[in-house]
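What follows is a set of notes on a single structure, which appears directly below.
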Amino acid sequence: MAEAVIIGAVVGDAVSKLSDAIIHVMKTTSQFRSKLTQLHQTITRINPIINEIQKLNQLLDRSKQETDMFIDQLKGAEKLVRKCEHIKWNFYKRYTHSLELDDLNASLLRFFQIDVQLQEARDVKEVLVVVKDVQRRMEDRRLGDQASSVPLLKASSVPLLKGNVIGFDDRVRELKVLMVKDSGVDDCEVVVVSAAGGCGKTTLVTMFCHDHDVQGIFGGNIYFATISNTPNLKVVIKNLLQKNQGGQQPDFTSDEDAIQQWGSFLGEQKSAVLLVLDDVWDVSIVKAFKFKLPGYKILVTSRSTFTQFRKYELHLLNHQDATDLFRYSAFSEGGSECSNIPDELVDELVKCCKRHPLALSVIGGLLKGTHITNWHIMLNNLSEGKKSVLDFEDMRLRLARSLDVFKEGSEIKECYLDLGLFPEDQKIAATALMDIWISLYNHDEKGSATLNNLFELSSKNLATLLPIRKDFVAIANYCDENAVMQHDMMRMLAINISSQEPAEHRKRLIVNAVGQNLPQLPQTINARLFSISTDEAFSFQWNDIRTPKVEVFVLNFMSKIYMFPQFMRNMESLTVLIITNYGYYFSDLHNFPAPKYLSRLTSIRLEHVSISSISASILGLVNLQRLSLIMCKFYAISFALRNLASLTAMS
């Protein structure tokens, strides 16, 4: 691989020197300008093809003999061009040299029309041979099983592709070459797709899973798991195995037991298995899923490179694809508004987005359907502090400035910021947001205003609206079937915007407590919205603080036993309480405040918890109007609540 990289640099250097020589000679002499112009046009045309060839040669580990002939040809071409400077008045030499330039131009074109096409044909056939060999070996392992009995793709395990994906077809092809290449080791193979946040890693591996050739190799054995920054292995493996056990929930005693059960499951498979681990932050997660098994491949996405594994570095879009993606995000299909926006303005905005897919999608979406004045304002905002090199902080600032397109106090922007109350890489039920927005923004209880805002957030690429499975017969409101998700960069942006003021003065206070780290909270919290997220290892008691203005309290946790914070007794303004257990086990709730402390509470949403210990307190909430019980354990409770307008129970 290192040799291929060096060869690629040598070829690129030779092309650059030839192009520089042509430009230099054209400036110093006019004798061969038309011939040199043709030659320069040829070099310009073939240069992108050269770059593509070098990338594929790196993936295929081609030796330097592949490109020696072409490098020699480029060096000879440079010498021939340099000679033009010294031919002035000798008409015979001018004539013969002109013919040599014609021959050079023709030979370069012929090389790419014939030699390169033959090389590409050979490479494609080699890939097909590898694919066919993998298929044959896996077919032998089926032991007579009929391939038709296995579905091509488990729709429930691999995400669906969203919208029109631009600029990724070649990347899928390159990744296929890397994934099917035989390493010669009879063991699990790992490939890491690495890039900065928002570059399209998840999009690439999702497209890869849906590719026809990939499905032909792995059939129904394609598994997809989102890991995130604070993974719970028991939950991850439960979701992977549950789809293959008739919906029965596997039973684990520990993370190690869950991993061993995954290994046992792999050993029972009779065909190749592909496991996609998306958004991995720690290499130990990848190592945990490795098992010595031929045909078992792990495809990882991460912002880190994890140098012990083979990697595919995902680069930013080229200028044309970046422009196409921006136009797709900013203009309606077949709409006439694009005629009012000059191409030069579009090009400037694309440059400000630095060919970054997420920035192009979000900023294009924010400008969609707006007056040209907003486009100029956006350009001015993005041009401030313009850097020549993209980094994470620079992109975060650009995305933050792009939100200035919203007017002060815009409800849509407020709704976007509210999404930061929920954990990373988790679906947010539209009904949970509806409960919040009924209280804060006077939305209707049928959910039409909430759903309309979610559609707008999705159209502006600030969130992704997803359909979710309906497990009950009746639909109580427009939001029952929907959920949203946020890209982790957009979630962090929402949290950063909400955290610009000191903690005691924020409108939204969002606290993440991981492991044994107890965050320091101010003695008095004046936020209207308060969110606390804790992991499985968190076990501290919170300090008793004052929370007189909190109207919405969101608790996200993973522990088997959860103690409500003592300071909930001070939440005299609380109207909405959302409690979600994202852990493996049902959570037992303790220390729930007596009804007298929550007299204004109108809405409670409980998910994946046992409510037997708090049912008496719930029954005592005289102003409670909406109660949602999602995958909860409860025993013979009579919900005789005088003012209850909505009761939702899902198993």
**Item:** All side-chain hydrogen bond (donor to acceptor under 3.5 Å, both in side chains) counterparts of Asp444, not counting sequence neighbours
**Value:** Ser448
**Phe564: partners by ring-ring contact (aromatic ring centres under 6.0 Å, His included), with sequence neighbours left out** = Tyr562, Phe592
**Message:** Arg546: which residues meet the salt bridge (Lys or Arg N to Asp or Glu O under 4.0 Å) condition with it, sequence neighbours left out?
**Reply:** none
**Asked** Got a sec, which residues hit side-chain hydrogen bond (donor to acceptor under 3.5 Å, both in side chains) with Arg569, two or more places apart in sequence or on another chain?
**Response** none
**Request:** With sequence neighbours excluded, tell me which residues meet salt bridge (Lys or Arg N to Asp or Glu O under 4.0 Å) with Asp255.
**Result:** Lys234
**Fill in**
Those residues at least two apart in sequence (or on a different chain) that pass salt bridge (Lys or Arg N to Asp or Glu O under 4.0 Å) with Glu607 are Arg605
**Message:** Checking Glu414 now: which residues fulfil side-chain hydrogen bond (donor to acceptor under 3.5 Å, both in side chains) with it, not counting sequence neighbours?
**Reply:** Lys507, Arg508
Table please: side-chain donor-acceptor pairs of residues 485-493 below 3.5 Å, with sequence neighbours left out.
{"unit_1": "His487", "atom_1": "ND1", "unit_2": "Met489", "atom_2": "N", "d": "3.0"}
{"unit_1": "Asp488", "atom_1": "OD1", "unit_2": "Arg303", "atom_2": "NH2", "d": "3.3"}
{"unit_1": "Asp488", "atom_1": "OD2", "unit_2": "Arg303", "atom_2": "NH2", "d": "3.2"}
{"unit_1": "Arg491", "atom_1": "NE", "unit_2": "Phe422", "atom_2": "O", "d": "2.8"}
{"unit_1": "Arg491", "atom_1": "NH2", "unit_2": "Phe422", "atom_2": "O", "d": "3.4"}

**Request:** Could you tell me which residues satisfy side-chain hydrogen bond (donor to acceptor under 3.5 Å, both in side chains) with Asp535, sequence neighbours excluded, listed by chain and number?
**Result:** none
**Request:** Using the ring pair (Phe, Tyr, Trp, His ring centres under 6.0 Å) rule, collect all pairs that involve residues 493-527, keeping only residues at least two apart or in two chains.
**Result:** none
**Request:** Please collect all salt bridge (charged side-chain N to carboxylate O under 4.0 Å, His left out) contacts where either partner lies in residues 448-463, sequence neighbours excluded, each pair once.
**Result:** none
**Request:** Could you pull out all residues at least two apart from Asp279 that satisfy salt bridge (Lys or Arg N to Asp or Glu O under 4.0 Å)?
**Result:** none
